[in-house]
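The analysis underlying the following values was restricted to heavy atoms, covering all of them including side chains, and did not include hydrogens, waters or symmetry mates.
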Amino acid sequence: MDYTAILALASGVGFILFGNYLEGGHIDSLIQPTAALIVLGGTLGATWLAATPAEVKLLFKLLPRLVKPGLADRKKTAEDLLKIANVVRRDGMLAAEGQLASINDPLLRRGLQMLVDGTTIEEVRNIIETEIDLTEHHGSAAAKLFETAGGFAPTIGILGAVLGLIHVMQNLSDPTKLGTGIAVAFVATIYGVGFANMMFLPIGARLKKILQAEAEDRGMVLAGLGGIAAGVNGRQLSEILAPYAGHHDDPADAKKAA
């Protein structure tokens, strides 16, 4: 589990509220259910209208990945690839079938099974590359809905402020309500800008980065399968996998197993 997203959001909001407190503001003045309803409801409706049903469904599947990214352990993947490469180099491709049960990565297991069944590496590469491209494309489109919401929210916040000011103008005869009414009106603007820049845009960016890292994980598996099919030795395969090190574990550490 990765709780940094929750901690980052809590710290950002916390610092803003603390700054407001230091300026003499009170949190009670920022709690306006009507303004929240206008901003969040309006943003939801506009974003929903801009999305396809498939994107909405995929977005709900992606949300848990904010705290549970589900990315591969690249060190473990490198170790598995090196182990398989040594077996194939020593005993041939058919011998790799005995390694399938010990492989946790479903893509690596499926790709290796295709090679064992006689599928050429070019065909395996075409299949996996197509899956990588489609998965990243559709996932990014779903994650981009948060960016879309981040674009709508400030404008709808202004709309909420205007609606509040209209209500204020209708009560000019009662000066005691003017200050409170204006304050409430501008809270909608705060909500719009705040939700956009503290939640929607950062969440969208985080999900897209997770999907990009997942595409790199799949690319690493594909590169490893290509090396195995070519019959390279462990040291050569380590060099092939080295560029994928950095975001997760370093596959170069697995050179010791070569």
Inset, instruction - Take the angle between the ring planes of Phe18 and Tyr21 and call it parallel below 30°, perpendicular above 60°, tilted in between. - result: parallel
Legend entry - Gap separating the CG atom of Leu62 from the CG atom of Leu207, nearest 0.5 angstrom: 6.0 Å
Legend entry - Joint hydrophobic cluster, Leu40 plus Val162, side-chain heavy atoms closer than 4.5 Å: no
Legend entry - Ion pair Lys76/Asp80, N-O distance below 4.0 Å: yes
Legend entry - For Gln212, all residues meeting side chain to side chain donor-acceptor pair (under 3.5 Å), sequence neighbours excluded: none
Inset, instruction - Quick one: name the residues clustered hydrophobically with Leu201, using the 4.5 Å side-chain heavy-atom rule over I, L, V, M, F, W, Y, and just say none if it's on its own. - result: none
Inset, instruction - Check whether Phe195 and Leu159 end up in the same hydrophobic cluster, where Ile, Leu, Val, Met, Phe, Trp and Tyr are linked by side-chain heavy atoms less than 4.5 Å apart. - result: no
Inset, instruction - Classify the side-chain pair Thr4/Arg206 by whether it contains a donor and acceptor separated by less than 3.5 Å. - result: yes
Inset, instruction - For residues Asn20 and Ile27, report the shortest heavy-atom separation together with the two atoms involved. - result: ND2-N, 4.4 Å
Legend entry - Residues Arg218, Glu136: salt bridge by 4.0 Å N-O rule: no
Inset, instruction - Taking only Lys NZ, Arg NE, NH1 and NH2, and the carboxylate oxygens of Asp or Glu, determine whether Glu214 and Lys209 approach each other closer than 4.0 Å. - result: no
Legend entry - Pair Glu122, Asn126: side-chain N/O donor-acceptor within cut-off below 3.5 Å: no
Legend entry - Leu44 side, atom CG; Phe152 side, atom CZ - distance, nearest 0.5 Å: 11.5 Å
